[in-house]
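The structure under discussion appears below in the form of structure tokens.
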Amino acid sequence: MASDLIEIELEATTLEARGRIAGVVRLPRADGKLEKAKRLSVKVICRIHGSGNEERIEDPLEFQEGPFAPGHELRFESTLSKGPLSWQGKYVKVDWFVRVDLDVPWALDPHREQPFQVVPKRLRAGHGISRAS
Amino acid sequence: MAIQGTTENPTWVMVMGGVGIALGGLVLFLGLRAGGGASAISLAVGLTFLYQSVRLLLRGLRRKVAELAFSDVTLELDPVGVPLGGVLQGTLHLTPAKPVVITQGAFVVRTIERAEYKAGTDSRTYQQTIYEERHLLKVPAQLDASASIPIEIPIPTHIPPSWTGRYNRLTTQGEVQLALEGWPDLHFAQEFKVRAEVVDGQ
């Protein structure tokens, strides 16, 4: 279950394939789990699912060792790894999201996911590229 | 002559058809021997199996016979792939075994999504065509010698770029369809890469 201990803010929620992803993770409120937390980790996940077996492409972005104080921020920036574009088909669906996990020993690890869209990279016409009429 | 790089091998299609006919015949034979309610079920299953297998065998056979009209058929599509909203460039090289009349040539762009589910012995495949468009090719009506036919096909922006995973696939293929006088029609398909890029202004 998504935790309200974690907030994720992305600079953009629509990104180009292999483009730059950046954002900030915040731990906005006081909670005993923050003091016990060992690690805060951020990763980008591409989930390919639907009627077939699920496949995942996981790309760890950033991590920090705990403990943490309320108001703690972790900025992250990276390039999207190779994967399919966002797609919602009948049998194949592709969802991209940032997932943040707070590793708390002897407790359920709070986590949060923030979805975003991956769209094709824009190319300029010309330079050997023909455009469909 | 065998056409290289196609999505379907006609020899395998014929083998699968032949095996299917043998299995269908066996189901029919065993069911009819058993008699009673089992015979009705086996009759339905066996006949359905036989019908589909005969269709498969004929499909492979038609392609094999159609290939005899040519000593060489090569479809060259841009190996780099094509961006969304771009134009697929390629060439279809045809060398007839003897003069042949082509009544129509077409190139069908087809995008398919395919998902495989496997758990233990349970295995299912889900597939659907999500985009299909037929484009006529400018082919010479009478082909006496080798000819190279240019292919320039617009690719829409709303299809998914190519991606192949272990269980899930989003693929696009081009199918060449040649209607030949006095021969079965020649159909064969080849996959090409649709890049995760879109031409600006689309």
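Side chains are part of it too, since the values below use all heavy atoms of this structure and drop only hydrogens, waters and symmetry mates.
Using a 4.5 Å cut-off between heavy atoms, Gln127(B) touches chain A through its backbone atoms (N, CA, C, O) alone. Contacts of Ile153(B) with chain A are absent, with no heavy-atom separation under 4.5 Å from either backbone or side chain. Contacts of Arg124(B) with chain A are absent, with no heavy-atom separation under 4.5 Å from either backbone or side chain. Proximity to chain A (any heavy atom under 4.5 Å) is shown, for Gln128(B), by both the backbone and the side chain. Proximity to chain B is limited to the side chain of Leu85(A), based on heavy atoms less than 4.5 angstrom apart.
Other residues, nucleotides and ligands place no more than 12 heavy atoms under 6.0 Å from the CD atom of Gln117(A). Within a 6.0 Å radius of CD in Glu73(A), more than 12 heavy atoms belonging to other residues, nucleotides or ligands are found. Counted within 6.0 Å of CZ on Arg56(A), heavy atoms from surrounding residues, nucleotides or ligands total more than 12; the atom is thus considered enclosed. Counted within 6.0 Å of CZ on Phe63(A), heavy atoms from surrounding residues, nucleotides or ligands total 12 or fewer; the atom is thus considered open.
Contact count against chain B (heavy-atom pairs under 4.5 Å) is highest for Pro84(A) among Gly89(A), Gly52(A), Pro84(A). Contact tally against chain A (heavy-atom pairs below 4.5 Å) for Arg166(B), Arg169(B), Glu113(B), Glu116(B): the top residue is Glu113(B).
Counting only heavy atoms from C-beta outward, the side chains of Leu10(A) and Phe76(A) approach each other to under 4.5 Å.
In this model, a donor atom of one side chain and an acceptor atom of the other lie less than 3.5 Å apart for Gln177(B) and Glu175(B).
Put simply, the residue from Asp31(A), Leu27(A), Leu74(A) that forms a side-chain contact (heavy atoms from CB on, under 4.5 Å) with Phe68(A) is Leu27(A).
For the atom pair CD1 of Ile21(B) and CZ of Phe49(B), the computed distance is 10.5 Å after rounding to the nearest 0.5 Å.
In this structure, Arg47(A) pairs ionically with Glu54(A), as a charged nitrogen and a carboxylate oxygen lie closer than 4.0 Å.
Below 4.5 Å, heavy atoms of chain B meet heavy atoms from Lys90(A), Tyr91(A), Val92(A), all part of residues 90-108 of chain A.
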